[in-house]
Visitor: 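One structure, as structure tokens, below. Some questions next.
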There are 2 protein chains.
Amino acid sequence: MQKSDENRKVDDSPARSRGRPRAFDREAALAQATRLFWIKGFEATSIADLTEAMGIGSPSLYAAFGSKEALYAEALRHYREDNEALVWAGFFSAGTAREAVKSLLMDSAAVLTGCVVDIPRGCMVTLSSVGSEGYVELGKLVRAARTVTLDRLKLRLNQAISGGEIPVSTDVHALARFIQTVQNGMSILARDGASRSELEAVAELAMLGWDTRTADAERGQG
Amino acid sequence: MQKSDENRKVDDSPARSRGRPRAFDREAALAQATRLFWIKGFEATSIADLTEAMGIGSPSLYAAFGSKEALYAEALRHYREDNEALVWAGFFSAGTAREAVKSLLMDSAAVLTGCVVDIPRGCMVTLSSVGSEGYVELGKLVRAARTVTLDRLKLRLNQAISGGEIPVSTDVHALARFIQTVQNGMSILARDGASRSELEAVAELAMLGWDTRTADAERGQG
DNA sequence: CTCTTTCTGTAATGATCGATACATAAATAG
DNA sequence: CTATTTATGTATCGATCATTACAGAAAGAG
């Protein structure tokens, strides 16, 4: 038995063998950083803000996360892991595309207004403007995260076509764009203080035209 | 005749009588500043960026505009004067609320993608995050500008009720919120590079449910 | 225990931030 | 012309930015 190889925790554990262990909870610190980035944005959040909220010194921050940009990238990942399940669970468990989309919008209404758990308003990915500030890598990251919504919507709609739920003639891309637009718009309303019930009303109004939008016939009549 | 009072240009002209006149075009400099704030946001735009784009030194900037915050406030005003006419002209000239809303969304699709005149993508008001950065006064200004859209929509929908175009039972607030949501979402898509035709398709899909949404009967069915 | 390794707190780095002091240039009033 | 008034360019202010030396502290390995 190759003891030295099999006993070492290669991937799961940090694999640190000797020396002083980290004194702070990395996950808790990351959660604080995520919250701060979420509320204030990347540029407006300073290292001083972060170290204060995380309860650590700046050398510890850099030792644990590398740089401010790398910390933001990890905060983004942490955010998506924590919150996308809240928004997408109903979408993936729904039996029809119609119910999936409605779940997505209704759950978004609840999560975006901070009604499910105590989190800031609006979507960190949607409202991030880090791409327009000259941070190229972070911009790519955020934009890639944004396309996930569109991809999932198109995939589900195509499945609905295959299953016969909606007609083959449905413009999947346009319909997915529409749903994405509504969800994005709800983020902005949530940030500006709109209530959960207001966003739910918006979601229901968006769903009201579903049958018309998924009908075969003429589209551009208005 | 009180010559000293009547001959002086009190309000129209800058009322400067003696001394060196300003060497740069204030409006042109403001337009450059607006463009820069629009693209990069308030915090990410530095005074050095501004003075370079405006072609002036920082003392001239402060002499003409007072401070960075005051310059942003005036850039916001300049933006609204220049661009809201493009978006709202069709809305106000339309004969019906339905056509007004459709005009608003279709014109937004064109303007937000920079297809009408050469301007940055997305709406400066909608995408501004200056309210979340601790700039209280600017935040109020931006938020006030955002409510204008909702107010105009509700006013027009109420007129449509008075005129018999849509039933009295219409939930004006919810419907206005929905339209506002779509327009806001379009700003985000435009910033991320969506094309004019994509946004127009979104606008048409949003309009497709109009008859259903303005119908009397049951609302929450799906 | 000692040694080694790693983390933590203090303090400081050069760069850049928004905002100005100062002297000079420029243009009008008389 | 001279006197006055205002804008401009340079150069700089203190504050804050992200980042990092440095030394001491803490904990596992032996």
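In the text below, chain A, chain B and the rest are named by the order of the sequence lines, each starting its count at 1.
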Visitor: Partners of A:Ser187 by side-chain hydrogen bond (donor to acceptor under 3.5 Å, both in side chains), sequence neighbours excluded?
Guide: none

Visitor: With sequence neighbours excluded, tell me which residues meet side-chain contact (heavy atoms from CB on, under 4.5 Å) with B:Asp49.
Guide: B:Leu36, B:Lys40, B:Thr45, B:Ser46

Visitor: Would you mind reading off the distance between B:Arg18 atom CZ and D:dT2 atom C1', rounded to a whole angstrom?
Guide: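 The answer, rounded to whole Å, is 12 Å.
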
Visitor: Encode nucleotides 15-26 of chain C as B, S and - characters from 5' to 3', where the letter depends on protein heavy atoms closer than 4.0 Å: B to the base, S only to sugar-phosphate, - to neither.
Guide: --SSBBB---BB

Visitor: Can you tell me how far P of C:dG9 sits from CG of A:Leu61, to the nearest Å?
Guide: 12 Å

Visitor: Does B:Ser60 have a side-chain nitrogen or oxygen under 4.0 Å from the phosphate oxygens OP1 or OP2 of D:dA7?
Guide: no

Visitor: Please report, rounded to the nearest Å, how far the P atom of D:dA7 is from the CZ atom of B:Arg26.
Guide: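 Rounded to the whole Å, the gap is 11 Å.
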
Visitor: Considering every strand and a 4.0 Å limit on heavy-atom distances, what is the contact class for B:Phe65: base, sugar-phosphate, or nothing?
Guide: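 The residue B:Phe65 makes no contact with any strand.
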
Visitor: Classify the nucleic acid contact of A:Ala63 as base, sugar-phosphate or nothing, counting any heavy atom under 4.0 Å across all strands shown.
Guide: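 Answer is nothing: A:Ala63 stays at 4.0 Å or more from every strand.
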
Visitor: Which residues pass the side-chain hydrogen bond (donor to acceptor under 3.5 Å, both in side chains) test with A:Arg121, not counting sequence neighbours?
Guide: none

Visitor: A:Tyr62: which residues meet the ring-ring contact (aromatic ring centres under 6.0 Å, His included) condition with it, sequence neighbours left out?
Guide: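 Not a single residue meets the ring-ring contact (aromatic ring centres under 6.0 Å, His included) criterion with A:Tyr62.
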
Visitor: Is there a donor in the side chain of A:Glu43 and an acceptor in the side chain of A:Tyr135, or the other way round, less than 3.5 Å apart?
Guide: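 Judged by distance alone, the side chains do pair up.
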
Visitor: Whole angstrom is fine here: how far is it from CG in A:Leu50 over to P in D:dA18?
Guide: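 So the two atoms are 8 Å apart, to the nearest Å.
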
Visitor: Could you check how far CG of A:Leu71 sits from P of D:dT19, rounded to whole Å?
Guide: 10 Å

Visitor: May I have the distance from A:Met54 (atom CE) to C:dT8 (atom P), rounded to whole angstrom?
Guide: 11 Å

Visitor: Considering residues at least two apart in sequence or located in another chain, which fulfil the side-chain hydrogen bond (donor to acceptor under 3.5 Å, both in side chains) criterion with A:Arg196?
Guide: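 If we apply the side-chain hydrogen bond (donor to acceptor under 3.5 Å, both in side chains) test to A:Arg196, skipping adjacent residues, the hits are A:Glu200.
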
Visitor: Rounded to whole Å, how long is the line connecting atom CD of A:Glu52 with atom P of D:dA18?
Guide: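 Whole-Å distance recorded here is 14 Å.
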
